Amino acid sequence: MRKISKKCFQFILICMCIFLFLYIVNAISIICYSKIDDKKKADVIIVLGASTYNDKVSPVFQERLNHGIWLYQHGYAQKIILTGGYGKGNQHSDSFVAREYVINKGIRQTDILIEEKSTITQDNLKYAKEIMDNFAYRSAIIVSDPLHMKRAILMAEDYQINAYSSPTPTTRYKSLNSQAEFLKREVLLYTGYQIYRIFY
């Protein structure tokens, strides 16, 4: 087996150290940002999608929707954009199921807008921005789980959305283990997106 040269080994070691440094910095940044709620009156509330099963919203999605409903009912915006496309095997899109949920909670159907094409966070915001452009909306309150907010707001700003962060106060990721798994995933995705946006 061919031995790794000293220079190659040093390069690999440096890359690993840089990645570890970025990982730690981003983890701290994501945790700190998760505690920020800068909600203010906006044109719309954008609720980022999560899974639905058998035409029922998942517990995670439910908490996001509940917070979006609360913001609407307290006058922070007069319109809600629900996001989420078709999950595997689902007859209806996640946003369609979410619309039924919020209507049952007393939100007027005419105040609900949905996009049904997205499968990831970036697409949630991309297609929500298309809806905003169609109605000349400029500002939005972004709703998701606390540890998701740092990446979501960065993406929203990249789509020229005047975005305000408002994480759910009742996230379903409550145990230390579930929060650690969520954080690990978010750090990797956030770091990956930072690299992605350099080239795009």
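Bear in mind the structure is a predicted one, so any value in this text is a computation, not a measurement.
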- Is it true that D123 and K117 have a side-chain N and a carboxylate O under 4.0 angstrom from each other?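 Salt bridge flag = no for K117 with D123.
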- Which atom names give the shortest non-hydrogen contact between I80 and G68, and what distance separates them?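 Where I80 meets G68 most closely, the heavy atoms are CD1-O, 4.0 Å.
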Could you list the residues that satisfy side chain to side chain donor-acceptor pair (under 3.5 Å) with [X], not counting sequence neighbours?
| X | result |
| --- | --- |
| E130 | none |
| K126 | none |
| D94 | T52 |
| Y164 | N162 |

- Message: The test is side chain to side chain contact (heavy atoms under 4.5 Å, CB included); show your working for N124 and I120 and say whether it passes.
- Response: CA-CA 6 Å; N124 285 166; I120 58 175; over 6 Å; no
Do [X] and [Y] belong to the same hydrophobic cluster, where Ile, Leu, Val, Met, Phe, Trp and Tyr are linked whenever their side-chain heavy atoms lie under 4.5 Å apart, directly or via other members?
| X | Y | answer |
| --- | --- | --- |
| V143 | F182 | no |
| I131 | V44 | yes |
| M16 | I24 | no |
| Y72 | L113 | no |
| I195 | L20 | no |

- Query: According to the side-chain hydrogen bond (donor to acceptor under 3.5 Å, both in side chains) rule, which pairs have a member within residues 10-32, sequence neighbours left out?
  - Reply: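 Sorted pair list: N26-T191, N26-Q194, S29-K150.
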Indicate yes or no: at least one non-hydrogen side-chain atom of [X] is less than 4.5 angstrom from one of [Y].
| X | Y | value |
| --- | --- | --- |
| T170 | H67 | no |
| I142 | L48 | yes |
| M155 | R151 | yes |
| K56 | F61 | no |
| Y86 | Q91 | no |
| L82 | L65 | yes |
| V47 | T83 | no |

- Query: Would the number of heavy atoms belonging to other residues, nucleotides or ligands and lying under 6.0 Å from CG of N54 be above 12?
  - Reply: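 No.
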- Task: Quick one: which residue pairs count as a ring-ring contact (aromatic ring centres under 6.0 Å, His included) with a foot in residues 137-159, not counting sequence neighbours?
- Result: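 The answer is F135-Y137.
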Whether [X] side chain and [Y] backbone form a donor-acceptor pair below 3.5 Å:
| X | Y | value |
| --- | --- | --- |
| E115 | G84 | yes |
| D145 | L147 | no |
| S58 | S51 | yes |

- Connected hydrophobic set around L189, excluding itself, where side chains approach under 4.5 Å: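 Members besides L189: none; it forms no cluster.
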Under 3.5 Å, sequence neighbours excluded: what are the donor-acceptor pairs made by side chains of residues 96-107?
unit_1	atom_1	unit_2	atom_2	d
Y101	OH	N66	OD1	2.7
N104	ND2	E100	O	3.1

Pairs satisfying salt bridge (Lys or Arg N to Asp or Glu O under 4.0 Å), at least one member in [range], at least two apart:
| range | result |
| --- | --- |
| residues 17-27 | none |
| residues 68-83 | K79-D111 |
| residues 42-52 | none |

- Query: In chain order, what residues pass the side chain to side chain contact (heavy atoms under 4.5 Å, CB included) check against S165, with sequence neighbours excluded?
  - Reply: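 For S165 the side chain to side chain contact (heavy atoms under 4.5 Å, CB included) partners, ignoring immediate neighbours, are Y33, D38, M149, I153, P167.
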- Message: Under 3.5 Å, is there a donor on one side chain and an acceptor on the other for S95 and S93?
- Response: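 S95 vs S93: donor-acceptor pair found between side chains.
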- Go through the steps for Y193 and Y190 under the test ring-ring contact (aromatic ring centres under 6.0 Å, His included), then give the verdict. CA-CA 5 Å; Y193 183 71; Y190 181 72; 7.8 Å; no
